[in-house]
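Could you have a look at this structure, given as structure tokens, before my questions?
Every chain is numbered from 1, with letters handed out A, B, ... down the list of sequences.
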Number of protein chains: 2
Amino acid sequence: MIHPSHGGGKVSQVTSAPARTKRPTMVDVAALAGVSVKTVSRVVNNAPYVQPEVAQRVLAAVAELGFRRNHLASSLRSGQATATIGLLIEEIANPFYATIAGAVAEVASEHDTMLLIASSEENPAREQQLLRDLCARQVDGLLVVPAGEDHAFLRSEVERGTPAVFLDRPAGGLPADTVLIDNRGGAHAGVRQLVERGHRRVGILLDSTAIYTMRERLAGAQDALAAAGLADDRLIRYGIRDPETAARVVGDLLDEPDPPTAFFALNNRISLGAVEELHRRGSDAALLGFDDFDLSRLLPYPFTVVAYDTRTLARTAAELLFRRIKGDRSAPRDLLIPTELVNRGLPRH
Amino acid sequence: MIHPSHGGGKVSQVTSAPARTKRPTMVDVAALAGVSVKTVSRVVNNAPYVQPEVAQRVLAAVAELGFRRNHLASSLRSGQATATIGLLIEEIANPFYATIAGAVAEVASEHDTMLLIASSEENPAREQQLLRDLCARQVDGLLVVPAGEDHAFLRSEVERGTPAVFLDRPAGGLPADTVLIDNRGGAHAGVRQLVERGHRRVGILLDSTAIYTMRERLAGAQDALAAAGLADDRLIRYGIRDPETAARVVGDLLDEPDPPTAFFALNNRISLGAVEELHRRGSDAALLGFDDFDLSRLLPYPFTVVAYDTRTLARTAAELLFRRIKGDRSAPRDLLIPTELVNRGLPRH
DNA sequence: TTGAAAGCGCTAACAC
DNA sequence: GTGTTAGCGCTTTCAA
């Protein structure tokens, strides 16, 4: 470190922090203002029928004591909404989930609601625990990107008034609102384009078929290939978790006799590895990837992505949730977000 | 859309959802199990001194009714922690803040604590409102990336037992723990390296000096240039908000007589625009950027970044907060996260 | 227009 | 070991 001192800091207090003083309550405010607790409550909640001068006294006391209403106590007694919703995702740091969280936060903010976020880390047991914790905190509703396959344990919570909307993957064992990407249709459209451009051998690279989106995308790709009489299971490679593996698998396929002339990467981690390997080799194979990502247009190899609007996915789900929270009791809905094909990457040099 | 139907969905219920049934309380469980409410409380909280068979009866009743403890009521009465902390950032969808949120979520999870996240959108008024809302929800502590310059309004909350730790930017008007990046030192080291490599004219590209990090980084760069007798204010360009503007400004500087042979981009949005323009022109100018970012190593121009570990920044702050929550009353601390210089981008072709 | 009393769901303090 | 009582901070109900 060249310069351990920094400019904007203030001088640290040498003394330690003062002992905690108790938070003032409505009782304290009432005593100071010389009114009843109920009157304080009225003023704090902007209820009508309070004489202006009384209200003034109360507000003065509120300011003097630094009173702030205890939102927990308030919603406990009123039984009303806590103005908090829960969002369960896999991992906040992941850009896909970060985008979802951002869009959900926006909608929540429009409804004066706060957002409690939890990460399942793709662990169904943890998912269940976290959803229960969120319910225990009396959230007004739940937005869930499922990790597990079974959400029956949520049934009683939903019946007791905590609506849940699932996004990106379907819920299991629970009739509930669901908002999904058109995985199958997008994969179909992309692969059909490859076929129309004359490709006859398409390498397919995916993670595990235990993952819902992988199954759907694979099915869409296979439909499109089968329609052209080009299905060939020997060109499918499973279990690709990271870009490094993807790069290696692309290399392996290219080194075989009669190699693919095109590749379909079923998620963006895989696309990334494929881009690197194809660029490294100066290949001229076509590349199709599912999921767009940041900076994709600046990568050193041309490719096509099946893109969709993650924010629309999240906003749609969040808006549906708030409709439920406001009392919409109609039958659960299944919504599908469309995809489109977009060209990315820099031209070959 | 090619394929509007999708595979994994379940059949929608045609009937609408059943009416809400009330959530069962400890009173309900106690009645069913034939014990007192207090005993239910003991069992639910794993307190000792409950006969195994009584506990069994209670647990059976809990299961039958689908009872779940109301966490709000519990922490209202016990006056204990709510096991919830608040995180205030600028915008969740931004990768920098998403990384922070992810690291904070990890630490929170290690302390069995949930995370309430709010976005200030860089609006000081909104920041103040949100911090107050978080306090009203009785969070155990606050983690704040400041938007405003004045946080005196938090003083009473902090004194009443809601500790706050500031990160990435200093708090204003409030003695509080702060965890910052070594902006000045990192900028100094990077620019010194440019100077040592023979550069005499370094273009400096930044956003507004109203931003703390910009001021610090600029000061570090100027220190390094001044030390070599190379300071030249005519090579500084202010008010660059986005990559497009950055690209244009780089072009403008290169088109001047006696152009810079090196550029220093004070954040990664600016770096991105500079990379694009330098690549487009086939320039051989050196580029230094502050902030690393995803995929930086695959961009089509070689550059150096002042990198730091965002996760360390966030984890350090979160761990400090939990120490405060656990009762540490020592003097506020100012911590500095170190930076390092890293080479990124692909070689010129 | 204002206030007193009861109680939201839970737990601390004590009694039994 | 278990139950009773009171009360966290607030809002509802109803009386004044």
Side-chain angles (χ1 to χ4, degrees), chain A residues 20-59 61-62 65-83 135-140 160-162, chain B residues 20-59 61-62 65-83 135-140 160-162:
Chain A
R20 294 187 181 201
T21 53
K22 205 174 127 314
R23 277 200 166 79
T25 71
M26 283 192 179
V27 175
D28 303 318
V29 176
L32 183 60
V35 297
S36 78
V37 193
K38 177 62 209 179
T39 300
V40 176
S41 174
R42 286 202 181 90
V43 173
V44 167
N45 293 295
N46 297 312
Y49 307 126
V50 180
Q51 271 191 321
E53 46 183 59
V54 175
Q56 278 313 313
R57 273 217 318 280
V58 171
L59 289 174
V62 164
L65 296 174
F67 169 81
R68 187 151 307 285
R69 190 179 70 186
N70 182 330
H71 187 269
L72 268 49
S74 163
S75 54
L76 170 62
R77 174 60 240 227
S78 67
Q80 283 172 23
T82 53
C135 289
R137 281 175 172 74
Q138 313 296 111
V139 293
D140 299 334
R160 278 159 193 160
T162 307
Chain B
R20 294 189 179 198
T21 53
K22 204 173 126 322
R23 278 200 166 79
T25 73
M26 284 193 180
V27 176
D28 302 319
V29 176
L32 183 59
V35 296
S36 79
V37 199
K38 180 62 205 178
T39 300
V40 176
S41 174
R42 286 201 181 90
V43 173
V44 167
N45 293 294
N46 296 311
Y49 308 126
V50 180
Q51 269 191 319
E53 46 183 56
V54 175
Q56 279 312 315
R57 272 214 321 278
V58 172
L59 289 174
V62 164
L65 296 174
F67 169 80
R68 186 150 307 285
R69 190 180 72 187
N70 182 330
H71 186 269
L72 268 48
S74 163
S75 54
L76 171 62
R77 173 61 240 225
S78 68
Q80 282 173 23
T82 53
C135 289
R137 281 174 172 74
Q138 313 296 110
V139 293
D140 299 334
R160 279 158 191 162
T162 307

- Item | Side chain of A/Ser78 - closest among C/dC10, D/dT12, C/dG3 |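 Between C/dC10, D/dT12, C/dG3, the one nearest the side chain of A/Ser78 would be D/dT12.
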
- Message: So, OP1 or OP2 of D/dT11: does either fall under 4.0 Å of a side-chain N or O from A/Ser74?
- Response: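 For D/dT11, OP1/OP2 do have a side-chain N/O of A/Ser74 under 4.0 Å.
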
- Starting at CG of B/Asn70 and ending at C1' of C/dT11, how long is that distance when rounded to a whole Å?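 About 13 Å, once rounded to whole Å.
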
- Checking A/Ser74 side chain against A/Asn70 main chain: does a donor-acceptor pair fall under 3.5 Å?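 Pair absent, no side-chain N/O of A/Ser74 close to backbone of A/Asn70.
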
- Item | Atom pair distance, as rounded to whole Å: CG in B/Asp28 and C1' in C/dC10 |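 It is 13 Å, rounded to the nearest whole Å.
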
- Item | Whole angstrom value for the distance that separates P of D/dT4 from CZ of B/Arg42 |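 Whole-Å distance recorded here is 12 Å.
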
- So, is A/Asn45 close to the D/dT11 phosphate, meaning a side-chain N or O under 4.0 Å from OP1 or OP2?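 Yes.
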
- Task: Check every atom of D/dC10, D/dG3, D/dT12 against the side chain of B/Val35 and return the nucleotide holding the closest atom.
- Result: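 In terms of side-chain proximity for B/Val35, the closest of D/dC10, D/dG3, D/dT12 is D/dG3.
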
- Nearest to side-chain heavy atoms of A/Val37, which nucleotide of C/dG3, D/dT11, D/dG3: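 Of the candidates, D/dT11 comes closest.
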
- Message: How many whole angstroms separate atom NZ of A/Lys38 from atom C1' of D/dG9?
- Response: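 A/Lys38 atom NZ is separated from D/dG9 atom C1' by 13 Å.
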
- Query: Hey, does A/Val54 reach any base, or is it just sugar-phosphate, or nothing, if we go heavy atoms under 4.0 Å?
  - Reply: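 Here A/Val54 touches the backbone only, sparing every base.
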
- Query: Whole Å only: how far is the CZ atom of A/Arg77 from the P atom of C/dG7?
  - Reply: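 Result: 9 Å.
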
- Item | Under-4.0 Å side-chain N/O to phosphate OP1/OP2 contact, B/Gln51 with D/dT2 |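 For B/Gln51, the contact criterion (side-chain N or O under 4.0 Å from OP1 or OP2 of D/dT2) is met.
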
- Task: Taking only the side-chain nitrogens and oxygens of B/Ser41, find out if one of them lies under 4.0 Å from OP1 or OP2 of C/dC10.
- Result: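 For C/dC10, OP1/OP2 do not have a side-chain N/O of B/Ser41 under 4.0 Å.
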
- Task: Mind calculating the distance between CD (B/Gln138) and P (D/dC10) to the nearest angstrom?
- Result: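 That distance rounds to 8 Å.
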
- Task: Using whole Å, report how far CG of B/Leu76 lies from P of C/dC10.
- Result: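 Result: 12 Å.
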
- Within the modelled atom types, does a donor on one side and an acceptor on the other bring the side chain of A/Arg23 and the base of D/dG9 under 3.5 Å apart?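 Side chain to base: no pair present.
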
- Message: At 4.0 Å (heavy atoms only), tell me whether A/Val50 reaches a base, stays on the sugar-phosphate, or touches nothing.
- Response: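 Sugar-phosphate contact only.
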
- What's the closest nucleotide to the B/Met26 side chain, out of C/dG9, D/dT2, C/dT11?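 Taking heavy atoms from C-beta onward, the closest nucleotide is C/dT11.
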
- Query: Is the backbone N or O of A/Asn45 less than 3.5 Å from a side-chain atom of A/Arg69, with the two atoms forming a donor-acceptor pair by type?
  - Reply: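 A pair under 3.5 Å: no.
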
- Any sub-3.5 Å donor-acceptor pair from A/Arg57's side-chain atoms to A/Ala33's backbone N or O?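 Pair found, side chain donor or acceptor close to backbone of A/Ala33.
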
- Query: So, is B/Arg69 close to the C/dT11 phosphate, meaning a side-chain N or O under 4.0 Å from OP1 or OP2?
  - Reply: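 The answer is yes; a side-chain N or O of B/Arg69 sits under 4.0 Å from OP1 or OP2.
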
- Quick one: pull up OG1 in B/Thr39 and CD in B/Gln51 and give me the separation to the nearest 0.5 Å.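 Between B/Thr39 OG1 and B/Gln51 CD, I get 10.5 Å after rounding to 0.5 Å.
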
- Figure out the OH/P separation between B/Tyr49 and D/dG3, and round it to whole Å.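 In whole Å, D/dG3 P and B/Tyr49 OH are 17 Å from each other.
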
- Distance below 4.0 Å between A/Ser36 side-chain N/O and C/dG3 OP1 or OP2: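 Checking A/Ser36 against C/dG3: at least one side-chain N or O falls below 4.0 Å of OP1 or OP2.
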
- Message: Does a side-chain N or O of B/Gln80 approach OP1 or OP2 of D/dC8 to a distance below 4.0 Å, or not?
- Response: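 So the side-chain polar atoms of B/Gln80 never come under 4.0 Å of the phosphate oxygens OP1 or OP2 of D/dC8.
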
- Query: With distance as the sole criterion, is a donor-acceptor pair present between the side chains of B/Thr162 and A/Arg23 under 3.5 Å?
  - Reply: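 A pair is found: one side chain offers a donor N or O, the other an acceptor, under 3.5 Å apart.
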
- Task: Mind checking the CG-CE spacing from B/Leu65 to B/Met26? Nearest 0.5 Å is all I need.
- Result: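 It is 12.5 Å, given to the nearest 0.5 Å.
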
